[in-house]
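Input: a single structure, listed below in structure tokens.
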Amino acid sequence: MSSKRKVGIVGFGHLGQYLHQAVKDSADLDVAFVWNRTTSALRETVAEQHILEDLSKFADRQPDLIVEVAHPVISSQYGEAFLAVADYMVGSPTALANQEVEDKLRTAAKHHGLYIPTGAFWGGNDIQKMADRGTLKALTVTMTKHPHSFKLNGILKEKNDAVTDRKTVLYEGSVRDLCPLAPNNVNTMAAASIAAHNLGFDGVQGRLVADPHLMDWHIVEVDVTGPGDVEAGKAFTVSTVRRNPAQVGKVTGSATYASFLSSMLGAHGRGSGVHLC
Ligand SMILES: NC(=O)c1ccc[n+]([C@@H]2O[C@H](COP(=O)([O-])OP(=O)(O)OC[C@H]3O[C@@H](n4cnc5c(N)ncnc54)[C@H](O)[C@@H]3O)[C@@H](O)[C@H]2O)c1
């Protein structure tokens, strides 16, 4: 019998295809299943025995880890059920901005781990340590991209469509309110809100900036405030700037694929509860 860990992949877009190949290439992992909304998209590249037609039958394939790389809706529909049988890595953690979904998944993670990939979020473990000690006072995550690299809903879409040649702040406020308006763009901020659990989705601040001159990069800035007198300029602070090469129009930057693979490889063995990976 194989002692390889079996991975179920939910979603077969850019990330799903990349991770499927990585699992096939890995000495430690096996494919438990691949599911996609339309099965026809799988037929050419996925072995017949690995195709899962009906996602509700996922447990039959005995996965050790299930990785969602499809859409936030998967976590609300299947997250609890996944966690009853396997570790679960949520590729679209904006799903957890819905308090009901976050509560449901945290509660369900009592036998297996709920793993949140850090994505483009730098310094997550340090921030989580500060949250654990209650020393994290404020956290702001600013994401700047070319307007064509955003995939937005509602009022934010209108604001972004109106950007001409000037760098424009599209949103500034809680990550909770931002997630439904930009579910594909702010997974990094959702990961930050889970790491910064003493502030949560309501306390962590998100800023979304459209910059028409930013042709080749996605920029993520993380500003942390710890203990000390902010007014007197004597507070603990950390600021990082992550510049990820990305073509205009691409929602996912190229460094994100490698980061995701590392997350998947690290998503095991940490027991129950919620873990950044
Ligand atoms: N955590 C991170 O840092 C991070 C980074 C990049 C992407 N993501 C997220 O991962 C997911 C996949 O990203 P991608 O770049 O592979 O996207 P993609 O658009 O290339 O692929 C998405 C796949 O999911 C399917 N899908 C879309 N809506 C669906 C729905 N409602 N129900 C079921 N399936 C659905 C599509 O058919 C497609 O196969 C997205 O939700 C994206 O926001 C997260």
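Computed over heavy atoms, backbone and side chain alike; hydrogens, waters and symmetry mates excluded.
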Does a side-chain heavy-atom distance below 4.5 Å link [X] with [Y]?
X      : Y      : answer
Asp64  : Asp87  : no
Tyr171 : Asp177 : yes
Val10  : Ile66  : yes
Asp223 : Val238 : no
Phe121 : Val222 : yes
His218 : His146 : no
Leu65  : Met89  : yes
Ile51  : Phe33  : no

- Donor-acceptor side-chain pairing of Thr45 and Gln17 below 3.5 angstrom: no

- Task: Give a yes-or-no answer on whether the side chains of Asp165 and His213 include a donor-acceptor pair shorter than 3.5 Å.
- Result: no

Other residues, nucleotides and ligands only: do more than 12 of their heavy atoms fall within 6.0 Å of [atom1] on [X]?
X      : atom1 : answer
Gln49  : CD    : yes
Lys157 : NZ    : no
Arg166 : CZ    : no
Gln62  : CD    : no

- Let me see the working for Met189 and Met143 under side-chain contact (heavy atoms from CB on, under 4.5 Å), right down to the final yes or no. CA-CA 9 Å; Met189 295 189 194; Met143 299 183 72; 3.6 Å; yes

Work out which heavy atom in [X] is nearest to a heavy atom in [Y]; give both atom names and the distance.
X      : Y      : answer
Pro72  : Pro183 : CG-CB, 4.2 Å
Ala109 : Leu114 : CB-CB, 4.0 Å
Val274 : Gln128 : O-NE2, 4.5 Å
Cys179 : Ala97  : CB-CB, 3.5 Å
Val85  : Phe58  : CG2-CE1, 3.4 Å
Ala41  : Asn36  : CB-ND2, 3.7 Å

With rounding to the nearest 0.5 Å, note down the distance linking [atom1] in [X] to [atom2] in [Y].
X      : Y      : atom1 : atom2 : result
Asp30  : Ser3   : CG    : OG    : 9.5 Å
Ser263 : Leu19  : OG    : CG    : 9.5 Å
Ser56  : Trp35  : OG    : CH2   : 10.5 Å
Asn184 : Thr94  : CG    : OG1   : 7.0 Å
Asn125 : Met130 : CG    : CE    : 13.5 Å
Asp216 : Asn244 : CG    : CG    : 11.5 Å

Using modelled atom types only, decide if a donor and an acceptor are shared between the side chain of [X] and the backbone of [Y] within a distance under 3.5 Å.
X      : Y      : value
Lys159 : Leu170 : yes
His275 : Gly269 : no
Asp229 : Ala232 : yes
Glu68  : Val90  : no
Ser26  : Ala22  : no
His268 : Met264 : no
Thr135 : Ala131 : no
Arg270 : Leu276 : yes
Lys6   : Leu29  : no
Thr107 : Asp103 : yes

N-O pairing of [X] and [Y] below 4.0 Å:
X      : Y      : answer
Glu80  : Lys110 : no
Arg176 : Asp202 : yes
Arg106 : Glu102 : yes

Do [X] and [Y] share a hydrophobic cluster (ILVMFWY, side-chain heavy atoms under 4.5 Å, transitive)?
X      : Y      : value
Leu83  : Val101 : yes
Leu261 : Trp122 : no
Val209 : Leu152 : no
Val67  : Val31  : yes
Phe236 : Leu199 : yes

- Ring center gap for Phe12 and His20 short of 6.0 angstrom: yes

- Task: Check whether the ring centres of Tyr115 and Tyr88 lie less than 6.0 Å apart, and answer yes or no.
- Result: no

- Item | side-chain contact (heavy atoms from CB on, under 4.5 Å) evaluation trace for Leu15 with Ile9 | CA-CA 10 Å; Leu15 279 169; Ile9 298 171; over 6 Å; no

- Task: Would you verify whether the NZ or CZ of Arg243 falls within 45 degrees of the ring axis of Trp217 while also being under 6.0 Å from that six-membered ring's centre?
- Result: yes

- Could you walk me through whether Val169 and Leu208 pass the side-chain contact (heavy atoms from CB on, under 4.5 Å) check? CA-CA 6 Å; Val169 177; Leu208 216 54; over 6 Å; no

- Item | Audit row: Arg242, Ile219, side-chain contact (heavy atoms from CB on, under 4.5 Å) steps and yes/no | CA-CA 6 Å; Arg242 180 186 190 273; Ile219 297 181; over 6 Å; no

- Parallel, tilted or perpendicular, as decided by the 30° and 60° cut-offs, for the rings of Tyr18 and Tyr257: perpendicular

- Candidates Thr240, Val141, Thr142 - the one meeting side-chain contact (heavy atoms from CB on, under 4.5 Å) with Glu221: Thr142

- Criterion side-chain hydrogen bond (donor to acceptor under 3.5 Å, both in side chains) on Asp25 and Gln21, from CA distance to verdict: CA-CA 6 Å; Asp25 292 345; Gln21 190 59 46; 3.2 Å; yes

